[in-house]
Amino acid sequence: LVKPFDMHELIDQLDQLSAEHEQEPFHIIIVEDSATQATYFSTLLSKAGMVPTVVSDPMDLLDVLAENAADLVLMDMYMPGCNGMELARVIRQFPRFASIPIVYLSAETEIDRQLDAMSLGGDDFLTKPINPAHLIRSVAIRAERARNLRTFMLTDNLTGLLNHTRIKEQLHSEVARAARHGTTLAFAMLDIDHFKSVNDTYGHHVGDRVIKTLARVLKQRLRKTDYIGRYGGEEFAVILVDADEREARSILDEIRVSFSKIRQFTSGGGFVATFSGGVASFPGAKDAVSLALEADKALYVAKKAGRNRICA
Ligand code: GH3
Ligand code: MG
Ligand code: MG
Ligand code: MG
Ligand code: MG
């Protein structure tokens, strides 16, 4: 029996596929005190398909960086009360901003000054006036390379999920964003139950398979806007954007139930694995650090209470 061909369904599927493969546009921060120039550069980058954010007061830069996953900072050199070199030096003191390319864009043509600026944390120096095509290409090339490197460094290679560093970083920016917009978010820590005995009984490769299965179930069941990370061996961390504690608990509980029904096949037959989870939410927990602490405590409670359950 052939299923009737459904055009709408096909279009939906194609849309979904292309959405998954479509590259997220580059997010570029333009630090520029002159409103005219800021508008000019931001229009240029927008036309090239990038997403520019203008920072006209240099003092706002760290906040903007903390909240946005920027691909590159385009930095003016001379601004009232502050110069771009100093700002670059400050940014580089934060490990989490160490890999963001900083490209100066300035009328400074003195090579010594340019080299000084580069030595304090810049990656390139472009001079104004600049050919628009040249600007766009320089920005795109650097942003792309930095993004590839970052993706490689911050991905867990067993599961393809975000790694520990990346998920913690993301938790900080999501909390900053939620605080600014007055929205809620939930954070969960998950840990596979009695995993040591899975390894001991069936071997590490079967253990790895269980880890990959849970990663797959999480990817399938959570929203595209949520973040899933592998926190450590058999521990996972999940950021549920725009969800409160109750919603997060119920989603994770559904996932818990489906995972506990998946049979892991082995030569001697098979078994099912389970996990426990702890949930905390913001606001409630006051920042990223206490969210992680509270979720971890709740996980401990879930383990104590007999495992295969989600606690908050
Ligand atoms: P609990 O229910 O209390 O969580 O018990 P558990 O046995 O899961 O807890 P524990 O944290 O003591 O054990 C985790 C084990 O996970 C220990 C370690 O050998 C194993 N492990 C850590 N990373 C990996 C990995 O990448 N692959 C595999 N197969 N095992 C791993
Ligand atoms: Mg200026
Ligand atoms: Mg563990
Ligand atoms: Mg465990
Ligand atoms: Mg709580």
Side-chain angles (χ1 to χ4, degrees), residues 154-156 158-179 183-199 207-208 210-262 264 271-312:
L154 299 176
T155 302
D156 170 59
L158 182 68
T159 59
L161 298 178
L162 308 179
N163 70 12
H164 186 103
T165 309
R166 176 68 211 290
I167 192 84
K168 278 188 92 168
E169 218 180 81
Q170 196 68 43
L171 185 61
H172 279 273
S173 27
E174 292 307 316
V175 168
R177 192 195 309 274
T183 54
T184 61
L185 73 82
F187 180 67
M189 297 279 305
L190 313 176
D191 184 297
I192 300 176
D193 298 323
H194 301 303
F195 191 65
K196 212 166 141 26
S197 84
V198 171
N199 275 330
D208 284 359
V210 174
I211 291 174
K212 286 197 249 185
T213 304
L214 180 51
R216 197 184 65 237
V217 173
L218 290 169
K219 277 191 250 185
Q220 280 167 354
R221 300 291 291 269
L222 290 165
R223 289 176 295 197
K224 278 267 174 301
T225 46
D226 294 335
Y227 296 91
I228 315 165
R230 182 158 171 234
Y231 219 60
E234 26 76 86
E235 288 176 29
F236 295 74
V238 179
I239 305 170
L240 297 106
V241 177
D242 275 326
D244 59 27
E245 197 172 278
R246 201 180 49 81
E247 288 163 331
R249 255 183 105 160
S250 99
I251 295 164
L252 289 166
D253 211 49
E254 272 177 39
I255 297 174
R256 177 189 65 77
V257 172
S258 11
F259 181 71
S260 71
K261 289 178 182 158
I262 298 175
Q264 302 286 340
F271 65 98
V272 292
T274 60
F275 70 85
S276 303
V279 179
S281 62
F282 175 88
K286 66 179 197 308
D287 55 24
V289 174
S290 34
L291 261 179
L293 276 174
E294 279 189 27
D296 207 41
K297 265 191 216 154
L299 172 60
Y300 181 77
V301 172
K303 291 282 185 185
K304 277 273 162 200
R307 295 174 173 81
N308 191 19
R309 71 196 65 208
I310 310 291
C311 290

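Throughout, numbering of the chain's residues begins at 1 and tracks the sequence.
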What distance separates Thr225 OG1 from Asp242 CG, expressed to the nearest 0.5 Å? 7.5 Å
Could you work out, with side-chain contact (heavy atoms from CB on, under 4.5 Å) as the rule, every residue matching Arg177, not counting sequence neighbours? Glu67, Glu174, His181
On a heavy-atom basis, which atom in Ala237 and which in Ile167 lie closest, and how many Å separate them? O-CD1, 3.9 Å
Backbone of Leu299 reached by a side-chain donor or acceptor of Ser276 within 3.5 Å: no
What pairs meet the ring pair (Phe, Tyr, Trp, His ring centres under 6.0 Å) rule with one or both residues in residues 212-234, with sequence neighbours excluded? His164-Tyr231
For Ser260, all residues meeting side-chain hydrogen bond (donor to acceptor under 3.5 Å, both in side chains), sequence neighbours excluded: none
Among residues at least two apart in sequence or on other chains, which ones pass side-chain contact (heavy atoms from CB on, under 4.5 Å) with Lys219? Leu161, Ile228
Closest non-hydrogen atom pair between Ala248 and Ala186, with its separation: CB-CB, 3.4 Å
Taking atom CZ of Arg249 and atom CD1 of Ile310, what is their separation to the nearest 0.5 Å? 8.5 Å
Would you give the length of the straight line joining atom CZ of Phe187 to atom CG of Asp296, rounded to the nearest 0.5 angstrom? 8.5 Å
State which residues pass salt bridge (charged side-chain N to carboxylate O under 4.0 Å, His left out) with Asp253; sequence neighbours excluded, sorted by chain then number. Arg256
Going by salt bridge (charged side-chain N to carboxylate O under 4.0 Å, His left out), name the residues that satisfy it together with Lys303, two or more places apart in sequence or in a different chain. Asp191, Asp193
Can you name the residues that form a salt bridge (charged side-chain N to carboxylate O under 4.0 Å, His left out) with Glu235, not counting sequence neighbours? none
Quick one: side-chain hydrogen bond (donor to acceptor under 3.5 Å, both in side chains) partners of Asp287, sequence neighbours excluded? Ser290
Please name all residues satisfying side-chain hydrogen bond (donor to acceptor under 3.5 Å, both in side chains) with Asp156, sequence neighbours left out, ordered by chain then number. Thr159, Arg230
For residues 274-294, the ring pair (Phe, Tyr, Trp, His ring centres under 6.0 Å) pairs (sequence neighbours left out) are Phe259-Phe275
Could you check whether any side-chain N or O of Thr183 sits under 3.5 Å from a backbone N or O of Ala179, counting only pairs where one atom can act as donor and the other as acceptor? no
What pairs with Glu247 under side-chain hydrogen bond (donor to acceptor under 3.5 Å, both in side chains), at least two apart in sequence or on another chain? none
Can you list everything that forms a salt bridge (charged side-chain N to carboxylate O under 4.0 Å, His left out) with Arg223? Sequence neighbours excluded, please. Asp226
Non-hydrogen atoms of Val279 and Ala188 that approach each other most closely: CG2-CB, 4.1 Å
